[in-house]
Every structure is written in C-alpha cells, then in structure tokens.
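For reference, the structure discussed in these notes is given below.
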Amino acid sequence: MALTDAQCRNTKPTNKVQKLSDGGGLHLQITPAGSRLWRCSYRWDHKQRTASFGSYPAVGLARARLLRAELKDKLAAGIDPAAKEGANQNALPRKTFEDAAREWFRSQEARWVSGYAARIWTRLKDDAFPSIGHMDVAEVAPTDVLDLLRKIEDRGAIEMAKRVRQSISAVFRFSIANGWCVNDPSAPLASALKARPRVQHRKALSENELPAFLRALDTYCGERSTALGLKLIAHTFVRTSEARFAKWSEFDGDLWRIPAERMKVKSHEHLVPLSPQVRAILAELKDLAGDSDWILPGQRGDKPISEVTLIYGVYRAGFYKRATVHGLRGTASTILNESGLFRSDAIERQLAHVPADEVRSAYNAALYLAERREMMNWYSDRLDDLGRTGTHGDLSDLLF
C-alpha cells in the first residue's frame, strides 16, 4: 500500500528503526532519534543496493517518488544509479562493505590467533553482511549500522553488539585509509547502544571466612575426593573445569602443565607450581583414583566427576549461598594482592588472566615462574595457618 503524507509526518519514533514502504523499493526510514530518511532498494550487477534520497520533509513524498522513477529509468537504460553525473578522477571508487571487510580481514589476519580471527569473521558474516554487506561503504549511514546493531541487542546479545560495532568501525577506518569512503558511520553509535547489565560477581570468601571453610573440608562427611578437589582448587585457584578434567599425565614433578585446549583462552598452556601441600593432596587423590587417568574420577572411573559435584560439596560443607568454587579464585587474588609481597603481574599470570595483546601474539607460559613458585608456597602456608588457627598473624612472617 502506498504511503500518505500524513503517515510520513505523523508516525512516531520507537526504540527500533521503522521502515514505511511506498512500493517499488522506496521506503521512509524512521530512526529512534526521530530522523526520517528516504531509502530506495534496487539491484545492480546482481547485487542488492540502497540509494539515499535525503530526509523528510526536506524531500517530500512526491519528490521521493520522482527520484525513484528516475532511478528505475537509469536501471532500464543500463546505467548504474550509483554512478555520479560528471564523475571525475577525484570521485570515490565504489566498494561494497563486504568487499572492504574481506580486504581488511586479510590485512589483519596474520596478527591474530586462528580462534580470534574466526570469531571476528563470524561476527561480520552473520551480523553485518546480511544488512550492509551489499552497500557501498561510501553510502552506509549511521542508521543502517544502528539498525543491525539493534537486531543483535534484541536477541539479548548486548556485549556482542558492542563487539560487532568495533569490527565494523575497523572496516570503515580501513576504507577511509584506502580512499573508499570519507567517514565512519559507526563512530557516533557507541553511546547509543544498550549498557551491559551489571555483573553479578560469584561469591568469594573473605580471609576471615576461610578458617571455617577449611576446617569444614577437614571434617567433610561426603566423598573424600570431593573435599580434596576443593582443597586443590583453594590452593591452586585454577578454574573448576581445569581441575575437573585434569589427568595424571599433566603433572611433572612440582609443575602442573594444563594443556592449551583446556584453558579459557585456548591459545597456550598454563603452568601451576605445586606447593608441598598440593603435592600431598595429589598423593592422596592418587590413592583414591586407582588406575583412572583422571585425578578426580567419577564413580565408574572412566569419566571425571560431574560439573555439579564440587559446588554441591561447597553446599554440603555448610556454605550454601555463602561461597562458590569459582569464588576461591577471587579469594586468592584478594589475599595475594593485599599481602603486598608479590607483583600484580605475577598474580594475574597465575590466575591465567592474559593481556589481549599476548593472546594475539607471543605468549610466555613461564613468565614470572620463580616468583610464582614462591607465591604458591606462601599461599599454601597461609591457608594452613588459617585452617589451624583462624588468626591472621603477621603476613610477612609467613613468607619464609
């Protein structure tokens, strides 16, 4: 059904981009900010394209229809509507967003690890190309980008929308440098995106709460291996999955070498120095595991314990809604940082928090290893002290 001037004038903006169709590819695009922009979709050279006819009411309905008719006449005559009359050597060369994105990706791919590169390309292919891939980079408007970002937000992927915008922006900056366009239409949109919901951090025990927790593990009435698994994580502050899927083949003397494929960032192995207390925990676990390859085998021994076993162990120890397994990492981070005895870089490396530039380039798993050995021994001694006495004492007295 054809549009009326009243519709063009009176349709109210919503929180999404609206498209009021007049037929023949012509539509009025109404943005959440209230802009009313004429767009006309057409095909040229077997590709979908979009022409811009200006904004309403500066360009009225009758004028927009005339421009649509002129566009159709050019198509019928075999003329590219995107070709500017009087084009000269200074005109911008035509480049679709998808073509520009492919060239940008190829120029950057060598800097990235394969997993990161794959994620970047998937974002563009799945979320950007269907909406603006066919469009000339010189003609993409902020509303075109905002429209596709809103679709991502509508499926609840708030953080993904931000990452897609960043990738799109990188393509436009690359295009500007190559002379294919003169501005980045995604640049003004950062503040228009929805804010990420406040993170609900997993509960971490304070140092004052640790004595009761450690004593509860010593008197645990469930499976001994569950209590030992929790002790192992408390002392090494590895992630739950890194402990659950650990195999005896990963332990080499006083080092635990966690393979890259089991790490959160799957590009490098992680080294965990083993304190005497941890080696004692492992020795007891070995007796319980028997011939199983897993350090924490399930009941049959051919598979590791389930992902809920350890958290149920926390609950059974009396800490339901008071602690989580993952929270033991936060507890360790707080105690180690507040001790003032170790560099924050060494603490972060032991937590396997890896800077983005190292993920994408070289990574040294053994960085700060001597300091980390000292730190892990100190932390195990600290836990022993808390478990025995429940008092803090002088932190510096426990370093040696």
Side-chain angles (χ1 to χ4, degrees), residues 197-246 256 258 262-264 270 272-275 277-278 280-282 284-285 288 294-298 304-339 341-342 344 347-353 375-393 395 398:
R198 184 177 178 181
V199 177
Q200 297 295 320
H201 294 287
R202 301 175 186 179
K203 292 184 180 296
L205 293 169
S206 68
E207 189 170 0
N208 288 331
E209 295 172 307
L210 268 179
F213 179 74
L214 296 170
R215 288 195 295 270
L217 294 183
D218 287 336
T219 58
Y220 186 71
C221 60
E223 294 289 337
R224 177 62 178 163
S225 60
T226 301
L228 290 171
L230 290 170
K231 277 191 172 185
L232 176 71
I233 293 175
H235 280 261
T236 60
F237 38 94
V238 295
R239 296 180 177 90
T240 305
S241 62
E242 294 157 11
R244 275 185 61 223
F245 293 103
W256 178 6
I258 305 178
R262 288 206 298 103
M263 298 302 298
K264 184 176 181 180
H270 179 52
V272 182
L274 303 176
S275 66
Q277 292 91 330
V278 172
I281 292 170
L282 290 169
E284 191 172 350
L285 282 172
L288 295 172
W294 309 99
I295 72 167
L296 292 170
I305 58 173
S306 72
E307 60 180 319
V308 299
T309 299
L310 292 173
I311 188 58
Y312 282 172
V314 172
Y315 298 163
R316 193 167 187 174
F319 285 79
Y320 178 66
K321 291 189 176 180
R322 297 169 58 195
T324 64
V325 183
H326 189 87
L328 293 170
R329 289 168 53 80
T331 300
S333 177
T334 299
I335 293 175
L336 290 168
N337 277 291
E338 289 182 351
S339 74
L341 299 171
F342 308 101
S344 60
I347 298 170
E348 290 298 291
R349 182 55 57 112
Q350 197 56 57
L351 285 161
H353 292 163
M375 178 174 70
M376 299 304 278
N377 288 340
W378 178 89
Y379 190 64
S380 283
D381 288 344
R382 183 70 192 136
L383 293 185
D384 278 359
D385 177 69
L386 290 169
R388 283 193 306 267
T389 67
T391 60
H392 295 287
L395 292 176
L398 298 169

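For this chain, numbers begin at 1 and follow the sequence in order. What you see is a predicted model; the values in this text were computed from it and never measured.
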Any donor-acceptor N/O pair, [X] side chain to [Y] backbone, under 3.5 Å:
| X | Y | value |
| --- | --- | --- |
| His270 | Gln350 | yes |
| Thr226 | Gly222 | no |
| Glu242 | Arg239 | yes |
| Thr236 | Leu232 | yes |

Are any of the side-chain heavy atoms of Leu274 and Met376 separated by less than 4.5 Å?
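Answer no - side chains too far apart.
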Decide yes or no for Tyr379 and His235: does some side-chain heavy atom of the first lie under 4.5 Å from some side-chain heavy atom of the second?
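No; the side chains remain at least 4.5 Å from each other.
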Check this for me: Glu209, atom CD, are more than 12 non-hydrogen atoms of other residues, nucleotides or ligands nearer than 6.0 Å?
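Enclosed: over 12 neighbouring heavy atoms sit under 6.0 Å from CD of Glu209.
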Please check if atom OH in Tyr312 has more than 12 non-hydrogen atoms from other residues, nucleotides or ligands closer than 6.0 Å.
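No, not enclosed.
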So, taking the atom named CG in Leu310 and the one named CD1 in Ile305, what distance separates them when rounded to the nearest 0.5 Å?
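It comes to 4.0 Å.
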Distance only, no hydrogens: is a donor on one side chain within 3.5 Å (strictly under) of an acceptor on the other, for [X] and [Y]?
| X | Y | answer |
| --- | --- | --- |
| Thr334 | Thr331 | no |
| Asn337 | Ser333 | yes |
| Gln277 | Asn377 | no |

Contact summary for Thr240 and His326, nearest pair of heavy atoms:
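Smallest interatomic distance, heavy atoms only, reads OG1-N, 4.4 Å.
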Using the side-chain contact (heavy atoms from CB on, under 4.5 Å) rule, take Ser241 and Arg262 through it: C-alpha gap first, then chi angles, then the decisive distance, then the call.
CA-CA 8 Å; Ser241 62; Arg262 288 206 298 103; over 6 Å; no
Flag the pair Arg382 and Asp385 as a salt bridge only when some basic side-chain nitrogen lies within less than 4.0 angstrom of an acidic carboxylate oxygen.
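Salt bridge present between Arg382 and Asp385.
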